[in-house]
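In what follows, a structure is listed as structure tokens, so that the remarks can point back to it.
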Amino acid sequence: MKRNQCDPPSSVRAQGLALFVLLPVLAGCDGVQSALAPAGEDASVLATLFWVMLIGAVVLFTLMNGLFFYLTRIRVHAQSETVARWLMIGGGIVLPVVVVGTLLVWGLSILPDHRQGGDGLRIHVTGEQWWWRVEYWPEGADEPVIAANEIRFPAGERTELVLESAHVIHSFWIPALGGKMDMFPGRETFLSLRPTRPGTFRGQCAEFCGASHTWMAFDAHVMEPDAFDDWLAAQTEDAAAPASAAAERGAELFGREGCGACHAIRGTDHVGTVGPDLTHIGSRTTLAAGRLGVSQSDFQDWIAHPDALKPGVEMPPFDHLSDDEISDLARYLRGLE
Amino acid sequence: MTKDDAPQADEDRREFAEEADTLWEITIAPAIWALHFLLCYGLMSLACAKDLFPAGTVRLVLIAASVAALAAIVGLGLRSLRQWGALKTGEITHPRGTPENRHRFLGHAAFLLSVIAFLGVIFVSMPLLVIGGCQ
């Protein structure tokens, strides 16, 4: 039988009774952006910590209320001083010290794990408003593979993430793969992740960063290592040439409208670095940092009215273009696989 | 009320003088905890963030400082336990306002503060043992 992703690890499964109470809410814990459906080593550690603390809290809560009930409803008369004293020393000093001490040692023992070195691949992510600038540095690389707004990981390998921010504080978080890490302007932070289960998960900026903070997300794809290598090799290639008449008209429009002042498309004259690199935008699974899908109409909507979809975005609307022109532009960009 | 019954300021002052002199002693154990905390966080950040000292050496120095702090707190705790006298007399609380009661109460308070300072120093020292370096 396939194991439900929400199940707690077997070490705590014995506490099934407490879980039974929670069953109605467990249905909500699966999904692409859930720390309770871990798809990596680091997220599993946190999920275990969560389950142990939750079950422990439920047990303590029940014990405390049971004791309260017992002393106020069942055994109402005065207790002996000795019983009261040992209850206070045991329950008020010894038990909290042991519980907090144990959790502290456990927490400290897993604390350095998210900073351990990786197996070779380093990904440099910069938080922009409101998107993600991404550079892949494979082991021994002299220059990075530039991408944006999605992050791909080889499954089973530990990948290092070097994080920083361009303007304000952001926070990098892929709940299914691990804990979060803040991104600061002018300071690098470090995180390493070892995803284990291939699939597509969702990352989200976890620190309020302005009007479109909510729309600052991305897809995180965990791939089999061979597939990842093929994908990365394809990403190093220059952009594909327009493959249809419509796409050719779109490419011409891209130049005429000055899109290249902000966006780079490798293999063309467009080398702007203000906005996301579009060299392989057609191969991504979301548009505008997780805001939209990648259908023809999504591209057209975004080009015509970015501000309506992402308040405060720097990209101007191109609604002065005709519907046909916007459609051509969209076709060109979607062809950049 | 006659004049003779009125409390006399001088008498009060004399009565409390003995404890007033030792009142500050109950703060020694928490103060050791605070200094130990400052020392740990100060030295470790100078070693890790500013690279002023080697982290391994700082760790050993701080572990030694922790042992010394714990030993001092245990010493203070035993002294205040004797002052409290609960083990000998079996009296835990001291509800009467006699000088003897005040003396024992201060011992009681100092002992409990030593216990919490001891636990505080252990919790602050835990990263030295579990984490090790500048991870």
Side-chain angles (χ1 to χ4, degrees), chain A residues 41-42 45-46 48-49 52-53 78-118 122 158 160-164 178-179 181-182 184 186-194, chain B residues 29-30 33 36-37 40-41 44-45 47-51 55-56 58-59 62-63 66 69-70 73-74 77 80-81 84-95 104-105 108-135:
Chain A
E41 198 176 77
D42 312 82
V45 169
L46 297 181
T48 306
L49 186 63
V52 169
M53 287 181 71
Q79 305 296 313
S80 80
E81 209 178 325
T82 321
V83 169
R85 188 175 306 138
W86 283 110
L87 205 57
M88 280 195 288
I89 293 176
I93 301 175
V94 178
L95 185 67
V97 165
V98 170
V99 170
V100 173
T102 308
L103 286 175
L104 180 63
V105 171
W106 187 11
L108 287 170
S109 72
I110 61 179
L111 186 64
D113 291 350
H114 72 278
R115 296 186 61 167
Q116 61 189 293
R122 203 173 81 233
R158 186 161 280 283
E160 298 178 2
L161 289 147
V162 179
L163 309 171
E164 64 174 328
M181 179 57 73
D182 281 3
F184 303 94
R187 183 179 147 191
E188 284 185 346
T189 47
F190 188 86
L191 175 71
S192 84
L193 295 173
R194 183 170 173 268
Chain B
W33 173 18
H36 173 263
F37 180 93
C40 285
Y41 278 75
M44 244 342 175
S45 52
C48 290
K50 300 289 177 194
D51 235 351
V58 168
R59 180 177 175 230
L62 289 179
I63 288 175
S66 304
L70 288 174
I73 290 169
V74 167
S80 47
L81 185 63
W84 176 20
L87 292 182
K88 210 188 288 176
T89 65
E91 280 180 40
I92 288 167
T93 54
H94 316 90
R104 295 205 178 284
F105 167 75
H108 189 183
F111 174 73
L112 293 179
L113 285 169
S114 307
V115 170
I116 207 165
F118 185 82
L119 293 172
V121 169
I122 286 187
F123 279 12
V124 171
S125 310
M126 216 86 96
L128 292 169
L129 301 175
V130 181
I131 295 187
C134 300
Q135 289 150 311

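Hydrogens, waters and symmetry mates are skipped; everything else that's a heavy atom, side chains included, is used. If you're wondering where the values come from, they're calculated on a predicted model, not measured in any experiment.
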Response to the item:
Taking every heavy atom of B:Leu119 against every heavy atom of A:Val97, the minimum-distance pair comes out as CD1-CG2, 3.4 Å

Worksheet item: With a 4.5 angstrom heavy-atom cut-off, which part of A:Leu111 approaches chain B: side chain, backbone, both or neither?
Response: side chain

Worksheet entry | Partner set under ring-ring contact (aromatic ring centres under 6.0 Å, His included) for B:Phe111, not counting sequence neighbours | B:Trp84

Fill in: A:Leu108 CG to B:Met126 CE distance, which is reported to the nearest 0.5 Å
7.0 Å

Item to complete: Using a heavy-atom cutoff of under 4.5 Å, enumerate the residues of residues 79-92 of chain A that contact chain B, numbered in order, or state 'none'.
Response: A:Arg85

Worksheet item: Does a sphere of radius 6.0 Å around CZ in B:Phe105 hold more than 12 heavy atoms from other residues, nucleotides or ligands, not counting ones at 6.0 Å or beyond?
Response: no

Worksheet item: Of all heavy-atom pairs between B:Phe123 and A:Val100, which one has the smallest distance, and what is that distance?
Response: CE2-CG1, 3.5 Å

